[in-house]
Amino acid sequence: MTTSISENKKDFFQQVYQVVRLIPEGRVTSYGAIAIYLGTKKSSRMVGWAMNACHSMKDVPAHRVVNRIGLLTGKQHFETSEKMQELLMSEGVAVENNQVVHFIKHFWDPFIELNLE
DNA sequence: CCAGTGACGGCTA
DNA sequence: TTAGCCGCCACTG
């Protein structure tokens with residue numbers, strides 16, 4: 001289907017949530033990747049900031065979203081700082097020192113994954 | 001209406 | 001190579 005998520009230009013947040021929700025288990029992505037997918041690659045901050053409101057959207061696996069270096073920068077915003085790491089570990093994503101091990105291996109690119117669909 | 005904030009990213013020194 | 005600074009867009013007060 002050519003109907004892309006971006007086509008439904010609702011709230012910027014909604015777009016971010018939609019992409020994050022598409023992230024498969026055991027995979028992670030960066031704020032920048034999502035920002036680029038939404039068309040605002042220069043505003044990677046907006047993506048992370050949007051996650052700040054993800055607390056209302058429990059369906060949004062924000063724990064699968066980390067910064068470009070795979071650092072769990074947003075763990076502080078979770079229920080517990082360890083919650084994010086536990087969730088990733090539970091999905092098979094190795095996390096050490098608040099950083100995703102082999103981040104590139106687990107990296108999930110919305111462009112590629114969603115485009116191949 | 002104006003200014004500050006924010007879970008980042010890229011560039012320059 | 002590492003560290004620091006600026007820029008960016010969207011939202012709230």
Side-chain angles (χ1 to χ4, degrees):
Chain A
M1 185 186 288
T2 56
T3 305
S4 299
I5 303 165
S6 303
E7 195 165 50
N8 289 329
K9 292 187 176 177
K10 297 182 178 179
D11 293 322
F12 184 84
F13 285 28
Q14 197 62 34
Q15 295 181 63
V16 177
Y17 301 147
Q18 186 67 15
V19 177
V20 176
R21 265 180 277 183
L22 294 173
I23 302 173
E25 297 180 3
R27 291 284 198 240
V28 289
T29 189
S30 61
Y31 302 99
I34 299 172
I36 295 169
Y37 183 76
L38 297 178
T40 54
K41 62 180 181 182
K42 294 180 180 177
S43 305
S44 49
R45 307 181 83 183
M46 276 59 274
V47 179
W49 181 72
M51 306 306 300
N52 212 350
C54 84
H55 283 249
S56 299
M57 314 291 269
K58 302 296 177 57
D59 296 331
V60 181
H63 63 275
R64 294 177 190 158
V65 184
V66 295
N67 62 0
R68 70 179 185 88
I69 64 176
L71 191 68
L72 281 58
T73 50
K75 67 174 189 171
Q76 186 65 46
H77 294 257
F78 277 75
E79 299 173 68
T80 57
S81 302
E82 298 178 357
K83 187 65 177 296
M84 187 172 185
Q85 182 174 333
E86 286 294 313
L87 289 169
L88 291 171
M89 284 290 198
S90 183
E91 296 183 355
V93 180
V95 179
E96 188 171 308
N97 190 17
N98 301 330
Q99 187 174 352
V100 178
V101 183
H102 302 303
F103 171 65
I104 304 301
K105 287 175 59 181
H106 296 293
F107 185 74
W108 179 81
D109 192 334
F111 272 113
I112 299 173
E113 301 297 327
L114 297 178
N115 192 7
L116 291 174
E117 176 54 41

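So that the names make sense, note that chain A is the first sequence line, chain B the second, and so on, each numbered from 1. The figures here come from the full heavy-atom set of this structure, side chains too, leaving out hydrogens, waters and symmetry mates.
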From CG of A:Leu71 across to C1' of C:dA3 the rounded distance in Å is 16 Å
I need the CG-P distance between A:Leu72 and B:dC8, as an integer number of Å. 11 Å
What is the nucleic acid contact for A:Asn52, judged by heavy atoms within less than 4.0 Å: base, sugar-phosphate only, or nothing? base
Could you please name the option among C:dC11, B:dC8, B:dA7 that lies closest to any side-chain atom of A:Asn67? B:dC8
A:Arg45 atom CZ is separated from B:dG4 atom P, nearest whole Å, by 14 Å
Under 4.0 Å, heavy atoms only, any strand: does A:Ala62 hit a base, just the sugar-phosphate, or nothing? base
From CD of A:Gln76 over to P of B:dC8, roughly how many Å is that when rounded to an integer? 12 Å
Measuring from A:Leu72:CG to A:Leu87:CG, what's the distance to the nearest 0.5 Å? 10.0 Å
Proximity to the side chain of A:Met51 - top-ranked nucleotide from C:dG7, B:dG9, B:dA7: B:dA7
Report the nucleotide, chosen from B:dG9, B:dA7, C:dC8, that has the shortest atom-to-atom distance to any side-chain atom of A:Cys54. B:dA7
Separation between CH2 of A:Trp108 and OG of A:Ser30, rounded to the nearest 0.5 Å: 11.0 Å
CG (A:Asn98) and CE (A:Met84) are apart, to the nearest 0.5 Å, by 9.5 Å
Of the non-hydrogen atoms in A:Ser44 and A:Gly32, which two are nearest, and what is the gap between them? CB-CA, 3.9 Å
Nearest-Å distance, CD1 (A:Ile34) to P (B:dC8)? 12 Å
Closer to the 5' end of DNA chain C via nearest nucleotide, is it A:Phe13 or A:Ser44? A:Ser44
Among C:dA10, B:dA7, C:dC8, which nucleotide has an atom closest to any side-chain atom of A:Trp49? C:dA10
Rounded to whole Å, CD1 of A:Ile69 lies from P of C:dA3 at a distance of 11 Å
Please classify the nucleic acid contact of A:Phe78 as base, sugar-phosphate, or nothing, using heavy-atom distances under 4.0 Å. base
When you compare the protein's N or O atoms with those of nucleotides 11-13 of chain B, which come within less than 3.5 Å of each other, and at what distance?
none

Toward the 5' end of DNA chain B, which comes first, A:Ile36 or A:Tyr31, by nearest nucleotide? A:Tyr31
Looking at side-chain heavy atoms only, is the closest gap between A:Phe107 and A:Val100 below 4.5 Å? no
Closest approach of A:Ala62 and A:Val20, non-hydrogen atoms and distance? N-CG1, 4.2 Å
Please round to the nearest 0.5 Å and tell me the distance separating atom NZ of A:Lys75 and atom NE2 of A:His63. 15.5 Å
Are OP1 or OP2 of B:dC8 and a side-chain N or O of A:Thr73 less than 4.0 angstrom apart? yes
Without decimals, in angstroms, what is the distance between A:His55 NE2 and B:dA7 C1'? 9 Å
